[in-house]
Amino acid sequence: MNEILQSLNPMQKKAVETTEGPLLLLAGAGSGKTRVITARIAYLIEKGVRPFNIMAITFTNKAAREMKERVCAATQQGSDVWVSTFHSTCVKILRRTIDHIGYSNNFTIYDADDSERLIKQIIRSMNVNEKMFTAKSVMYEISNQKNELVDPETFAKEAAGDMRFEKIAEIYAVYQAHLKANNALDFDDLIFKMVEVFKNYPDILEKYQDRFRYIMVDEYQDTNHAQYVLVKLLSSKYENLCVVGDDDQSIYGWRGADIRNILDFEKDHKDTTVIKLEQNYRSTKPILDAANTVIKNNFNRKEKNLWTEKKEGEEITFHILDSDLKEADFISSQIAEAVKNGASYNDFAILYRANALSRVIEENLVKKSIPYKLFGGINFYGRREIRDILAYLKFINNPDDDIALRRIINVPKRGIGNTTVDKAAVFAQANEITLYEALCNIDEIDELKTRAKKIKEFTELMSEFTEYEKRHSVSEFIDEIIEKTGYVEELKIEGTEEAKSRIENIQELISKAVEFEKGNDDARLSSFLEDVSLIADIDALNENEDTVSLMTLHSAKGLEFPTVFIAAFEDGIFPSYRCVMDTDPNAMEEERRLCYVGITRARNKLYLTAARSRLHNGKYISNSKSRFVKELEDKVKEVIPEAIKFDKPQHATYKPMPKYVGSPKTYSNNIPEPSAGKPDFGIGDKVRQIKYGIGTVKEINNAGADYEVTVEFEGVGTKKFMAHLSKLKKVEE
DNA sequence: CTCCTTTGTCTTTTT
DNA sequence: GACAAAGGAG
């Protein structure tokens, strides 16, 4: 017991020893939070609590995995402790209980992409204005409602009077009906339905209350209302609830996270013990000072002050480079230099606001042969070929899954197109059967007589698959699928680099399946799919590998590195464009918290970098430096290695899109020539365009990869085209 | 019905 | 610049 407490400071010790009753642990960045949680679990076990009765909830799979490892290292019985994310916790419990509320226990999980497809389909079928109700915006609103535990009926009532919301409520209701018919849950449903089961079946709730007598929730500041209710329900019998969080690190407001959950915890639970962990063990003083300086600009927060015993360290520097390319070059040069002097690649992380910003940096790292690992971004399971194969698996696992069926029915091409599927879907709906059932009864649908042969071939293949799956492992089944459908064969014939990499990805998926079979006793198809659908990123970082880490600021939360770069520290990127335009102060506060998170990832040295001009969305933009630079006051030193300093937006000298009319030389330092090559016509020349005929060229602009040409057509007006893409042809007069 | 070309949207962040 | 959707030709 002493062993556990030995290395802890008094506050940490108190947190570990306070095992009974509600406990709010306000743990600043780098204050040894994970250590405390691990120690607390070990302490509970030594005190005689059965590991089986302890539950720890984290936000990401990565965090869950890490905590599990730590707990296992700290105590022998660690493996019996329930450590997992909100979502997988709910899946596990719903697999045993959801039949009570009318779903079947082998339900499918729809990810964001599946949901979007379904919503798009619904919007189309309902004949609403697709311009006004984009699938994305509707999905966002439905998600909001689910996070607030608002069901379609209640939402419809609340929406009364607002035409837009009324419509969305209608879509929400249809969406829910479809999900149920498909025996599917989306991400938000996992929490929502879990709460529904618990609320309606007190006996089930009590069973789990008795099971999870000690509950710990990490990153509590990121919980949304539904998750809050879930935790509240589970903990209400024994009240042994310990929540750990830092309101300054709440960065998931856009996902429904409700910062009030942590701010009001004391009000909500009587006799709450509050413990603040304010000693930071991670960063040097300059870094911590900077973090404190930035975050004090926020109004909505609990007062706290992080301090460190670490002595003075290296100053934070802010570097402005001419272009995004030079910025990338600067960063990788710094790393290369440091590694030459004995640092290892592991010591470095490059953080950025949006995934798209990683590209230029990656390319530069490749050029310098610096090994790196990219987190997040286009994740493995998001790739088309992987989604295709998984759709086959999902469909065989749950033939009610129309979304999966639609995805695979004509992939590879079988001559069953959209029109056919839609007709079958109408038939299915009219007869209240699933799409697949409709296809199996294709002879009943007169209009599809001509397609019957192809469809029968398909349904026969599917029933073969169903039989095959029963007798074989997941990996063998994937092999069978690519064999019988000719999926890989088709890619081989294509022969392009892209096709080759797709084949490799499929091989990788098979390896993952084999791995899964080795590691799990329960290696059924359904558990494989579950595993796969709840994992967002590719395998977490392999600590043994010596590589630089690249990731978004969001995914960096909870991690630390000796040296951190925050790239694209510019207004319009970080803080984001929307935020700069938006008047909502909360949005800016969240952005500032994100900045706080970023700064506090660094242990010894923090670089901030910005570029005067960068390629963004295929266009060159130039931003002014991030407003957070000013908020950092004297805590950061501006280093401008080249040319003139700038304080104001550069638009005066830097037109967003340089014109190639006058003297192209002026800008050519930073803006590369489009690879497409210059068009063979100039201003005033006549060109032919396929739709509008002959027109006069008014303007030619460099648009990054191509030239944007403005052409005036008589009687039509001016139109813009990409010179290369739209194959404009010069016409001799 | 498929293939090809053209047009439009997108970029905030993730389970 | 990537990708999906729309639109047109065969």
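Just so we're on the same page: letters track the sequence lines, and every chain starts at 1.
One interatomic measurement links the two molecules: OH of A:Tyr140 to C1' of B:dT9, which rounds to 19 Å at whole-angstrom precision. Atom CD of A:Glu219 and atom C1' of B:dT14 are 13 Å apart (whole Å). Distance, A:His554 NE2 to B:dT15 P: 11 Å, rounded to whole Å. In this structure, A:Glu570 atom CD and B:dT11 atom C1' are separated by 15 Å, rounded to whole Å. For the pair A:Ile57 CD1 and B:dT15 P, the interatomic distance rounds to 16 Å; values are reported in whole Å. Between A:Trp254 atom CH2 and B:dT15 atom P there is a gap of 8 Å when expressed in whole angstrom units. Counting to the nearest Å, the P atom of B:dC10 and the NZ atom of A:Lys136 are 8 Å from each other. The CD-P distance, from A:Glu116 to B:dC10, rounds to 11 Å in whole Å.
Counting only heavy atoms from C-beta outward, the side chains of A:Gln227 and A:Asn224 approach each other to under 4.5 Å. Side chains of A:Gln176 and A:Tyr172 form a contact here, defined as non-hydrogen atoms less than 4.5 Å apart. Looking at A:Phe187 and A:Asp111, their side chains come closer than 4.5 Å, going by heavy atoms from C-beta outward. Between A:Gln221 and A:Asn261 there is no side-chain heavy-atom pair separated by less than 4.5 Å.
In the displayed structure, A:Phe516 atom CZ is contacted under 6.0 Å by more than 12 heavy atoms of other residues, nucleotides or ligands.
Heavy atoms of A:Ala356 sit under 4.0 angstrom from at least one base atom. When heavy atoms are screened at a 4.0 angstrom cut-off, A:Arg117 is found touching no nucleic acid atom at all. Residue contacts shown for A:Phe86 are absent, as no nucleic acid heavy atom lies under 4.0 Å away. Among the heavy atoms of the strands, none lies under 4.0 Å from A:Tyr577.
One distance of note links NZ of A:Lys449 with CD1 of A:Ile455; it measures 12.0 Å at 0.5 Å rounding.
Side chain to side chain, A:Asp388 and A:Tyr487 meet the donor-acceptor criterion of an N or O pair below 3.5 Å. Looking at A:Ser115 and A:Tyr175, their side chains do bring a donor and an acceptor atom within 3.5 Å of each other.
The backbone N or O of A:Ala568 sits less than 3.5 Å from a side-chain atom of A:Glu327, completing a donor-acceptor pair.
Here the nucleotide nearest the side chain of A:His616, chosen from B:dT11, B:dT13, B:dC1, is B:dT11. Considering only the side chain of A:His87, B:dT15 comes nearest among C:dA2, B:dC1, B:dT15.
Where pairing requires Watson-Crick or G-U contacts shorter than 3.5 Å, the helical stems of DNA chain B with at least three consecutive pairs are B:1-10 with C:1-10.
Phosphate proximity of B:dT13 to A:Ser555: absent, as no side-chain N or O sits under 4.0 Å from OP1 or OP2. Between A:Thr60 and B:dT14 there is no side-chain polar atom (N or O) within less than 4.0 angstrom of OP1 or OP2. Note on A:Asn355: a side-chain N or O is less than 4.0 Å away from OP1 or OP2 of B:dT14.
We find that A:Arg406 and A:Asp422 are joined by a salt bridge, their nearest charged nitrogen and carboxylate oxygen being less than 4.0 Å apart. Between A:Arg593 and A:Glu590, at least one side-chain N (NZ, or NE/NH1/NH2) sits under 4.0 Å from a carboxylate O, which counts as a salt bridge.
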Just the atom pairs and distances: protein N or O near nucleotides 5-9 of chain C's N or O, under 3.5 Å.
from, atom 1, to, atom 2, distance (Å)
C:dA5, OP1, A:Lys120, NZ, 3.1

Quick test: give all pairs of protein nitrogen or oxygen and nucleotides 2-4 of chain B nitrogen or oxygen below 3.5 Å, distance rounded to 0.1 Å.
from, atom 1, to, atom 2, distance (Å)
B:dT2, OP1, A:Asn410, ND2, 3.0
B:dT2, OP1, A:Gly415, N, 3.4

message: Set out, in order, the CA-CA distance, both residues' side-chain angles and the distance that settles side-chain hydrogen bond (donor to acceptor under 3.5 Å, both in side chains) for A:Asp401 and A:Tyr110, then state yes or no.
response: CA-CA 10 Å; A:Asp401 186 344; A:Tyr110 277 2; 2.4 Å; yes
